[in-house]
Amino acid sequence: MEVTRLDFYIGLSLAVSSSAFIGTSFILKKKGLLRLAGKGSTRAGQGGYAYLKEWLWWAGLISMATGEAANFAAYAFAPATLVTPLGALSVLVSAVLSSYFLNERLNVHGKIGCLLCVLGSTVMVIHAPQEEEVASLTAMAEKLRDPGFIVFAVCVVGCSLVLIFAVAPRFGQKNVLVYILICSVIGSLSVSCVKGLGIGIKELFAGTAVLKEPLFWSLVICLIICVSVQINYLNKALDIFNTSLVTPIYYVFFTTSVMACSAILFKEWLRMTADGVVGTISGFLTIILGIFLLHAFKDITFSWDSLPLYLRKGPLGFPWGQRPYLALPSHEAQGEDEIKFPREGSSKDGWGTHQRAP
């Protein structure tokens, strides 16, 4: 369907404002959780629910709900190839605001990984095929009864239960991916419910008695359960891990899960072209690289100022110059100024000592 110029700008404005609200919601929720931690309340990561009494957390929830509503409305005015990639702006908004209001910092690896996550997700969405037209709840019910989608839904629920009851108690507070995976896979079902409810609301305004349909209320109940689970485990992830780390990883996994669910539900992949396949695979590999940079090097202190030290290479083969040099903080002990390296031609136990120049 062709989009008019006015509709295009309305959809663009809604999509951009949606990203701003969603990115801000992460900061507000994190600030609320930090305030509760300062008061000594039981933290969300330890099973506490004191955040329900914190106004900052509710402000974050309202901001996220506003952003999701604006994002849903944007699809009515602009093409999906415009609206969906702009959702990546919430990652940038959250990263920028966290540096100002939460004093959180990303090293060079994290910044590059964040950029790669956004670029990879955007490429995947741009090359994703268009979904089939579903104009009624009856047609949606036929899609939901498809054996492929039933298998997918059973796998999602089964994997979520394993993550919640077996993996999360042991590794949830150590690995950022555990809680985010729960939010993401459950989120794929919640988006399907939202699409079905959107179709039902359109029919309701057209005069169809959809409120008498069991499917409509089933979708409402399913959506409430899925959103409750997402909010619970997203709070735990935000409470334990760095916001600049949680936001992009959640965006990547959530987007991938939603695209997989939509492809199975609406049979999108059957009409993919060769360039669409290449673009999707390239985007997915870019996302994997971005996640690796974000997760594997998050504890390494590395900045643009220290980059020249790693680029220099002296005659002894050390990448820091003619003498082996370690970029240690000035307050380190004097004993750390002695750096040992193996002598040429010596046995493996023969070590020499080099005194670092002051």
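The basis for the numbers below is simple: all heavy atoms, side chains too, and nothing from hydrogens, waters or symmetry mates.
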message: For Q230 and S190, which I'm curious about, is there any donor-acceptor pair between the side chains at under 3.5 Å?
response: yes
field: From CE (M64) to CZ (F26), nearest 0.5 Å
entry: 4.0 Å
query: When rounded to the nearest 0.5 angstrom, what is the spacing between OH in Y250 and CG in L181?
result: 12.0 Å
query: If you measure from CG on N71 to CD1 on I22, what distance do you get to the nearest 0.5 Å?
result: 5.5 Å
message: Has S63 got a side-chain atom pairing as donor or acceptor with A59's backbone, closer than 3.5 angstrom?
response: no
message: Quick one, E203 and E213 - any side-chain contact, counting heavy atoms below 4.5 Å?
response: no
- line: Rounding to 0.5 Å, atoms CZ (F149) and CD1 (I264) come to a distance of 8.5 Å
query: Do any N or O atoms from the side chain of W217 and from the backbone of L211 form a donor-acceptor pair under 3.5 angstrom?
result: yes
- request: Report the C-alpha distance between D146 and L265 in whole Å, list the side-chain angles of each, state the deciding distance to 0.1 Å, and finish with yes or no for side-chain contact (heavy atoms from CB on, under 4.5 Å).
  value: CA-CA 8 Å; D146 184 79; L265 184 60; over 6 Å; no
query: Which pair of heavy atoms, one from A237 and one from V246, lies closest together, and at what distance?
result: O-CG2, 3.6 Å
S218 side chain to P214 backbone, donor-acceptor under 3.5 Å: yes
task: Check for a donor-acceptor pair, side chain of N235 on one end and backbone N or O of I231 on the other, with a separation under 3.5 Å.
output: yes
- prompt: Applying the side-chain contact (heavy atoms from CB on, under 4.5 Å) test to V167, which of V178, I182, N175, L177 qualifies?
  reply: V178
field: Considering all heavy atoms, the nearest D239-K30 contact
entry: O-NZ, 3.8 Å
task: Indicate the atoms forming the closest heavy-atom contact of S184 with F253, along with that distance.
output: OG-CB, 3.2 Å
message: For a quick test of reading the model, state the closest non-hydrogen atom pair linking V185 to S160 and the distance between them.
response: CG2-OG, 3.3 Å
field: Closest heavy-atom pair and its distance - L215, L137
entry: CD2-O, 3.6 Å
- request: Flag yes if more than 12 heavy atoms outside F216 fall under 6.0 Å of its CZ atom; otherwise flag no.
  value: yes
query: Can you tell me if K31 uses its side chain to pair, donor with acceptor, with the backbone of L56 under 3.5 Å?
result: no
message: Let me confirm one number: the CG-CG distance from L289 to L119, rounded to the nearest 0.5 Å.
response: 11.0 Å
field: Minimum heavy-atom distance Y179-A168, with the two atoms named
entry: CE2-CB, 4.0 Å
task: Check whether any side-chain heavy atom of C183 sits under 4.5 Å from a side-chain heavy atom of F254, and report yes or no.
output: no
